[in-house]
J.: 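Before we start, here is the structure in question, set down as structure tokens.
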Amino acid sequence: MERYADRLRDAVVVEAGSGEGYGAALLRDAEARAVLALEYDEASVRHAASAYPSVAAARANLAALPVADGSADVLVCLQVVEHLWELRAFLRGCVRVLRPGGVAVVSTPNRPVFSPGLGRGEKPTNPFHVEELDAEQLEERLRTAGFDDVAVLGLHHGERLVRWEDEHGLGLVAAQVAAVMGGADVPDDLAGLVATVTADDFVVGPADGAQDLVAVAVAR
């Protein structure tokens, strides 16, 4: 990961599945030359255009990226691929829009940890997910699409979150899902913790046992 740390500086960046736009704005603040935020939801695109004027926001179907060939240095896609019906077409599009040697960063829930007991190809419990992947599957999808030098890492809870989970005997995500699916209000201590979570509460490490997968891949 360290060898890619400076890739954002003066880079043309595409964020695919940018949501309401705050992540794209953070990428712009990290000294990217330009950031194009692509999102399918119209209301989110309008909000991003209004709230983050330093970012170019556009509505797009991610299966057909409206970006010129070889025009981007970096492509970022965070917690999106599990929602896509045409994942392979999207990943091929990512290779197309990146210049040779360009870098893609893709994150997604790690199926064995996020949905324990769920096998490959089985319909996820989360109704908004089309398919959840393990590390081997994510790497295979990226390499088949045309990426080289693929590294799949994992996003783990840091010390503070692990301490809460140990004290309650339940994973943080599992606790939230249990409360919501059970029709109950989220407990005050859980709601209070979630409201204070920052990037400092996570560490990047091996894919095994990670809540989320983070892949870094280089376009051919």
J.: Considering only NZ, NE, NH1 and NH2 on the basic side and carboxylate oxygens on the acidic side, decide whether E131 and R141 come within less than 4.0 Å.
T.: yes

J.: So which pairs with a foot in residues 29-40 pass salt bridge (Lys or Arg N to Asp or Glu O under 4.0 Å), sequence neighbours left out?
T.: R9-E31, D10-R33

J.: Would you find more than 12 non-hydrogen atoms of other residues, nucleotides or ligands less than 6.0 Å from E167 atom CD?
T.: yes

J.: For a quick check under 3.5 Å, do D212 and H156 share a side-chain donor-acceptor pair by atom type?
T.: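 No, no side-chain donor-acceptor pair sits under 3.5 Å.
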
J.: If you count every heavy atom of other residues, nucleotides or ligands that lies below 6.0 Å from E122 atom CD, does the total exceed 12?
T.: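 Result for CD/E122: enclosed.
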
J.: Are R59 and Y40 in a cation-pi setup, meaning NZ or CZ lies under 6.0 angstrom from the ring centre and within 45 degrees of the ring axis?
T.: yes

J.: Charged N to carboxylate O under 4.0 angstrom, R99 versus D73?
T.: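 A salt bridge is present here (some side-chain N lies under 4.0 Å from a carboxylate O).
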
J.: Would you please test E165 and R160 for salt bridge (charged side-chain N to carboxylate O under 4.0 Å, His left out) and show each step?
T.: CA-CA 9 Å; E165 292 174 326; R160 187 170 75 107; over 6 Å; no

J.: Show, in sequence, the C-alpha distance, side-chain angles and deciding distance for F202 and H157, and conclude whether the ring-ring contact (aromatic ring centres under 6.0 Å, His included) test is met.
T.: CA-CA 5 Å; F202 300 90; H157 289 169; 5.7 Å; yes

J.: Is there a side chain to side chain contact (heavy atoms under 4.5 Å, CB included) between C77 and L75? Walk through the geometry before answering.
T.: CA-CA 7 Å; C77 182; L75 185 141; 4.3 Å; yes

J.: Test side chain to side chain donor-acceptor pair (under 3.5 Å) on S44 and E20; report intermediate values, then the result.
T.: CA-CA 5 Å; S44 296; E20 67 91 30; over 6 Å; no

J.: Quick check: are there more than 12 heavy atoms from other residues, nucleotides or ligands sitting under 6.0 Å from CG of D188?
T.: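 Atom CG in D188 is not packed in, count stays at 12 or less.
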
